[in-house]
Q: 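Quick one: the structure is below, questions incoming.
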2 protein chains.
Amino acid sequence: MKLAEETTETIKHDILDKAFLRFGRYGFGKTTMAEIAKDCDMSAGNLYRYFENKKEIAAGCAQRCMQQKLELVREIIRDTSLTPDKKLQRFAMDVLEYMHQQFSSEPALMELVDFVSRERWDIVIHYMEQEKSLLTEILSEGNRSGQFNVSNVLETAKWIQASLIKFIAPRYMDAFSLEELQKEAKGVTALLTAGLKK
Amino acid sequence: MKLAEETTETIKHDILDKAFLRFGRYGFGKTTMAEIAKDCDMSAGNLYRYFENKKEIAAGCAQRCMQQKLELVREIIRDTSLTPDKKLQRFAMDVLEYMHQQFSSEPALMELVDFVSRERWDIVIHYMEQEKSLLTEILSEGNRSGQFNVSNVLETAKWIQASLIKFIAPRYMDAFSLEELQKEAKGVTALLTAGLKK
DNA sequence: ATAATAAATATTTAATAATATATTCATTAT
DNA sequence: ATAATGAATATATTATTAAATATTTATTAT
């Protein structure tokens with residue numbers, strides 16, 4: 001990567017950082033390009049050298065947020081001290097805690113969710129595909145170690161993803177308490193892993 | 001029940017019928033009290049003898065819709081030809097089909113969902129409690145017949161409910177196709193019942 | 001040549017007025 | 001006495017305008 005490219009990426013990164021903070025605190029609508037620009041010590045016009053428009057900045061924030069969720073999962077997969085069934089449980093618990101944390105500390109973030117749901121569902125689909133792929137890794141590991149007996153790893157991953165949606169998706173984060181959701185997540189994963197075992 | 005009371009109930013019932021049709025086709029916002037009244041062959045003012053206001057009519061519609069979902073489940077429970085695990089699967093499949101049917105034929109209905117989510121979450125909680133209670137019945141039956149081995153029936157019912165939320169709640173009905181959701185529902189219930197068995 | 005700015009323009013949002021609708025109530029019919 | 005109406009009033013929607021903000025572009029600096 002050339003120096004110019006690198007600084008461009010760094011600046012983009014900084015813009016998303018600053019924008020995400022504002023979107024979280026004041027919401028998408030109440031955040032102005034001028035404000036984001038000032039946070040980044042540049043003019044509003046200059047933002048357009050890095051992002052096509054305000055919605056693309058919001059999309060970038062959402063994508064990064066989802067990438068962070070995925071990174072959380074990759075860390076769990078890497079952790080060799082965890083058995084596959086523990087990895088599945090940690091998947092639900094860690095993602096849930098991350099999501100609930102985000103939405104309880106920054107309720108205005110729900111505006112970003114609404115935007116993505118309405119206008120950038122493609123981002124959600126892409127995230128879900130990647131997440132599903134990570135789930136297949138956990139299942140395959142379980143198959144190899146003999147702990148699981150899953151014939152169709154890809155399909156099963158989709159089912160697990162569907163059954164954990166309450167703890168992964170933003171929709172119910174503000175409707176239920178973290179404690180309540182955590183108890184449920186633990187129960188659901190226990191039930192699921194029981195069904196996966198030999 | 002006295003005759004007067006009975007006709008009052010009949011009229012209320014008719015109002016909800018007519019209102020629900022309009023909410024479904026034109027949405028809550030675009031439906032006027034005058035229109036509902038005309039559908040019922042009465043004046044707008046007279047509606048207030050039966051419902052406190054427009055929101056109460058909407059709440060009544062939502063409640064009735066949820067009661068119908070519950071009735072669906074009660075039918076499944078009554079069906080003696082089904083084993084408990086089949087009942088669980090039918091629970092997911094029948095409710096999913098009912099919901100998807102509703103929201104694909106009447107997309108404006110989502111407005112009613114938004115209203116209930118925002119202002120009458122208590123109705124949702126009440127529905128979920130009843131639904132959970134019906135799930136415990138299925139689990140208990142499974143325990144009695146020896147097909148299931150569930151130690152805490154009430155907690156487990158909550159977990160099953162949480163894991164099937166994608167197929168029961170309205171939120172994702174317009175984001176995924178019925179076929180896709182049906183495949184997933186089948187997979188999830190299969191996974192869950194495997195975990196419940198002795 | 002690249003990066004940034006700041007002024008110009010297009011678009012969106014906010015404020016207001018105008019209209020439509022929800023709700024109440026005095027009156028009439030059953 | 002109960003049920004229903006339709007006019008009166010309060011509330012909420014919609015249309016219109018004014019103001020703010022997003023986006024583009026001509027210009028300047030590096």
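In the text below, chain A, chain B and the rest are named by the order of the sequence lines, each starting its count at 1.
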Q: Using a cut-off of strictly less than 4.0 Å, decide whether B/K30 has a side-chain nitrogen or oxygen near OP1 or OP2 of D/dT14.
A: yes
Q: Indicate whether the side chain of B/E131 and that of B/Y127 have a donor and an acceptor atom separated by less than 3.5 Å.
A: yes
Q: Given atom CG of A/N46 and atom P of C/dT2, what is their separation to the nearest angstrom?
A: 15 Å
Q: Is any side-chain heavy atom of A/Q161 less than 4.5 Å from a side-chain heavy atom of A/L135?
A: yes
Q: Rounded to the nearest angstrom, tell me the gap between atom CD in A/E35 and atom C1' in D/dT23.
A: 17 Å
Q: Which of parallel (below 30°), tilted (30 to 60°) and perpendicular (above 60°) describes B/F176 and A/W121?
A: perpendicular
Q: If I take atom NZ in residue A/K12 and atom C1' in nucleotide C/dA4, what distance separates them, rounded to the nearest angstrom?
A: 17 Å
Q: For the pair made of CZ in A/F115 and P in D/dA22, what is the distance, rounded to whole Å?
A: 14 Å
Q: Taking the side chain of B/R49 as heavy atoms from C-beta outward, which of D/dA3, C/dA4, D/dT5 is closest to it?
A: D/dA3
Q: How long is the line joining NZ of A/K55 and C1' of C/dT12, in whole Å?
A: 10 Å
Q: How do A/F28 and B/N53 order along DNA chain C: which one's closest nucleotide is nearer the 5' end?
A: A/F28
Q: Find the distance A/M42:CE to D/dA29:C1' and express it as a whole number of Å.
A: 16 Å
Q: Rounded to whole Å, how long is the line connecting atom CZ of B/R22 with atom P of C/dT21?
A: 12 Å
Q: If you check every side-chain atom of B/Y48, which of D/dT5, D/dT23, C/dT23 has the closest atom?
A: C/dT23
Q: Counting side-chain heavy atoms from C-beta on, which of C/dA3, C/dA22, D/dA4 comes nearest to B/M33?
A: C/dA22
Q: Looking for any heavy atom pair under 4.0 Å, which part of the strands does B/Y50 touch: base, sugar-phosphate only, or nothing?
A: sugar-phosphate
Q: Hey, does A/T32 reach any base, or is it just sugar-phosphate, or nothing, if we go heavy atoms under 4.0 Å?
A: sugar-phosphate
Q: Rounded to whole angstroms, how far apart are NZ on B/K54 and P on C/dA20?
A: 16 Å
Q: Sub-3.5 Å donor-acceptor pair from the side chain of B/E111 to the main-chain atoms of B/F28, do we have one?
A: yes
Q: Salt bridge or not between B/K18 and B/D14? Use side-chain N to carboxylate O under 4.0 Å.
A: yes
